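For reference, the structure discussed in these notes is given below.
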There are 2 protein chains.
Amino acid sequence: MTRKMHLNAFLMGVGHHEASWRLPESDPYASWDVKHFQELARIAERGKLDSIFFADSPVLQGHPGRRPAGKLEPTVLLTALAVVTERIGLIATASTSYNEPYNLARRFASIDHVSGGRAGWNIVTTAGADAARNFGLDDVPAHRDRYERAAEFVEVATKLWDSWADDAVLGDKEAGVHADAGKVRAINHHGRYFRVDGPLNVPRSPQGYSLLVQAGSSQDGREFAARWAEAVFTAQQTLTEGQTFYQDLKRRTAELGRDPEYARRQLAERFGLDPELLRLDEPLPVELLPAEDEIEGAKSRFTLIVDLAKRENLTVRQLIGRLGGGRGHRTFTGTPVQVADAIEEWFDGGAADGFNIMPAVLPSGLVAFVDKVVPILRERGRFRTEYTGTTLRDHYGLTRPANSLELSPV
Amino acid sequence: MTRKMHLNAFLMGVGHHEASWRLPESDPYASWDVKHFQELARIAERGKLDSIFFADSPVLQGHPGRRPAGKLEPTVLLTALAVVTERIGLIATASTSYNEPYNLARRFASIDHVSGGRAGWNIVTTAGADAARNFGLDDVPAHRDRYERAAEFVEVATKLWDSWADDAVLGDKEAGVHADAGKVRAINHHGRYFRVDGPLNVPRSPQGYSLLVQAGSSQDGREFAARWAEAVFTAQQTLTEGQTFYQDLKRRTAELGRDPEYARRQLAERFGLDPELLRLDEPLPVELLPAEDEIEGAKSRFTLIVDLAKRENLTVRQLIGRLGGGRGHRTFTGTPVQVADAIEEWFDGGAADGFNIMPAVLPSGLVAFVDKVVPILRERGRFRTEYTGTTLRDHYGLTRPANSLELSPV
């Protein structure tokens, strides 16, 4: 077996399930408690997972009355986890639409230094007018404009990361020469969206730069990923052979007190529809939905949800139940062997190099995966028994990127 | 004695002295090594200091060939220190000119959560065209414009920090009510520089918000401080009675290999003069210097340096020597008793409530201060023996700010 399986834990508060905070085991204040996340990181590291991941948007998402809303800022959170872990990779989302490349490139370079080479940046353009209105705009920029800005943003960031040669710092006390100043260079980027002179004020980091991750699967998103991403997160439900869907999710959702009216409003908002048009016990009215190219944010998630509803002819209530635990991601349950089987089938079938593990409840769901499923994958020779490298790129089997500055003629 | 003395360690790489990195004890790579800063934080905490502080600018400062240039991004650094300390306050500089209020308010709120209420923000407007050129501008905005933006920036930040009432989060699992949604409110700020709808996506933090620190002493800076700052850092040389100046600084500077030509160019750049006009062994040509109101950045530091040169009729060489270890801050040496005497005299004389300790060499200078000088201040009843509070505001004797949201009519 030459392909290596990669496992990333996608962590969110006390779990991906909308109502996980209401379980007896859950601390409703955990979303802002660094100790909760440190425990999760240590559990994932115990399982030798490649990495853990935190999604984000610079806006208050969800209804604060109904579930924990708001989160620790992710670059702060990654740093707090870097200091108490040794090997696990640390990935967070940051927006290219609402940051400056100099500041964000510097933060990820700093986290890569602090973590000894374990930082990853999930590059997003940030959908949603509500986020835009926190940054001086009336509405979200057009999808295409966001992706063009994102491409230039990442170009600037990589130039900044390359603005120090790997061997620039000499530390020669005798000669009084701290660095070879010729190997620290301005980038003088003057583009459509950004003008940045550089150089960065952080030397090149252990990984060269943080792992670049991308998750959008729209046409623009795929183009962007093909250009920049080193790892791609995606949500797929369509490889149905061997899938074990978690059939009792709707029942569990109801047991945990999930409110169909709240969920119906959420779903209607995603589709840009009047909630009254979504009748809980009738099929999703696909004829009323906009086309993907009319959606200005989260295009691929929109299509995934609509396809799921069409494929399985789900009622609105069934669709809400299916989305409760995974928001459109594939969900399944079973014994540890069955879960391992499902993972192995997708891996061997060429559907993915690795998987995002998204426990409905945290930390218990992560503990169950690490202690029950990971050992089976190991026995089958599908997953590492020990970390063999030290950086996030090592875990993903990627080489450290060469410094483009070094390749330029002096 | 009702006034309490406050001691803050202003830390920079391996020390404030330009050539500290060349000492045998110094690690020339320490500026990017989180373990170095963790050691410094633990030393300061051992001394029960109020806080440690990191200055910053989003630009590569200094000549990378001559001294360690570049630093870990300060909000990342504060977080890495928060996790390994318990009580010491953690203050860093961040720019109001080159950040978005939503992002920065969120990061400081997050650090205040992660640290259990020990975060402080040193508010700066960032002087220098070189920084401006990392953010799409040709030159630094005018001094007055920067301060107007800063005032609106802090106004927006405090509104965001107040956008969650202190008692907004309920965590009521039985009722399925996570927060009282009426106590999480939009701020709908529409100002000259910023439009931010809010609310913040982080609940109100342990201190209410991070301690607001300000260091500029220009006229605009003083107005700003009077309005916003909860603690003010300042560099004063003029209360001369009782001062013990470090008379051998120039000799030490020369011994450590400091280059007068390099320093002369630095000084000329600060004054906007041709370096040839600065003759090392002649008095500073004050008649050639611009007036303070012609300086677009670091006005008060300019005046402080000029006043120092005039008052003591220093030659350029003497001025360079005086600036080498403290860049215009007061420097002195002596036995631990003499240092304690000098601090006590300024404190009792009503010149300050506290002091920034700026060791020329780190960590050894901080160890010497904590282990030799602090015990004397304690014996004299001038400084705490134990922390009596848990937050940075507690250390500074400040109350937790009331939430303005709660005071508004519902």
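Because the structure is predicted, anything quoted here is derived from the model rather than measured. Numbers restart at 1 for each chain; the letters A, B, ... are given by sequence-line order, proteins then strands.
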Contacting region of Pro24(B) [heavy-atom separation from chain A under 4.5 Å]
backbone
Most heavy-atom pairs under 4.5 angstrom with chain B, which of Asp130(A), Leu137(A), Leu78(A)?
Leu137(A)
Spacing of Leu72(A) atom CG and Ser205(B) atom OG [to the nearest 0.5 Å]:
10.5 Å
Does the salt bridge (charged side-chain N to carboxylate O under 4.0 Å, His left out) test come out yes or no for Arg106(A) and Asp56(B), once each step is laid out?
CA-CA 12 Å; Arg106(A) 187 182 181 201; Asp56(B) 195 64; 2.7 Å; yes
What part of Ala80(B) gets closer than 4.5 Å to chain A, counting heavy atoms only: side chain, backbone, both or neither?
both
For each of Gly198(B), Ala132(B), Pro203(B), Ser31(B), tally heavy-atom pairs with chain A at distances under 4.5 Å, and name the one with the top tally.
Pro203(B)
Provide the closest heavy-atom pair for Ala181(A) versus Gly65(B) in the form atom of the first, atom of the second, distance.
CB-N, 4.3 Å
Sort out for me which of Gly136(A), Gly70(A), Pro64(A) touches chain B most, counting heavy-atom pairs under 4.5 Å.
Pro64(A)
Which one of Pro101(B), Ala168(B), Ser57(B) has the most heavy-atom pairs closer than 4.5 Å to chain A?
Ser57(B)
Give the minimum heavy-atom separation between Gly171(A) and Trp21(B), together with the two atoms involved.
C-CZ3, 3.8 Å
How close do Tyr98(A) and Asn103(B) get, counting heavy atoms only, and between which atoms?
O-ND2, 2.8 Å
Most heavy-atom pairs under 4.5 angstrom with chain B, which of Asp33(A), Ile111(A), Val59(A)?
Val59(A)
Between His178(A), His189(A), His113(A), Arg195(A), the one whose heavy-atom pairs under 4.5 Å with chain B are most numerous:
His178(A)
Heavy-atom contact with chain A under 4.5 Å, split by part of Leu81(B):
neither
Give, as side chain, backbone, both or neither, the part of Ala109(B) having an atom under 4.5 angstrom from any heavy atom of chain A.
neither
So, the part of Leu200(A) with a heavy atom under 4.5 Å from chain B: the answer is backbone
Hey, could you give me the CG/CG distance between Leu160(B) and Asn134(A), rounded to the nearest 0.5 Å?
7.5 Å
Once you round to the nearest 0.5 Å, how far does CG of Asp172(A) lie from CZ of Arg22(B)?
8.0 Å
Once rounded to the nearest 0.5 Å, what's the spacing between atom CG of Asp112(A) and atom CH2 of Trp32(B)?
14.5 Å
For residues 70-79 of chain B, pull every pair meeting salt bridge (charged side-chain N to carboxylate O under 4.0 Å, His left out), keeping only residues two or more places apart or in separate chains.
Glu73(B)-Arg107(B)
Can you name the closest pair of heavy atoms from Val169(A) and Tyr29(B) and give their distance?
CG1-CE2, 3.3 Å
Does atom CD of Glu25(A) have more than 12 heavy-atom neighbours from other groups under 6.0 Å away?
yes
Does the side chain of Val76(B) come within less than 4.5 Å of Val114(A)'s, by heavy atoms?
yes
How long is the straight-line distance from CZ of Phe135(B) back to CG of Asp197(A), given to the nearest 0.5 Å?
11.5 Å
Under a 3.5 Å distance rule, please check whether Lys173(A) uses its side chain to pair with a backbone N or O of Ser26(B) as donor and acceptor.
yes
Heavy atom to heavy atom, less than 4.5 Å: which residues from residues 34-42 of chain B reach chain A?
Val34(B), Gln38(B)
Looking only at heavy atoms, which two atoms of Val84(A) and Val83(B) are closest? And how far apart?
CG1-CG1, 3.5 Å
Flag the one option from Ile187(A), Asp138(A), Asp27(A), Leu77(A) with the top tally of heavy-atom pairs under 4.5 Å to chain B.
Asp138(A)
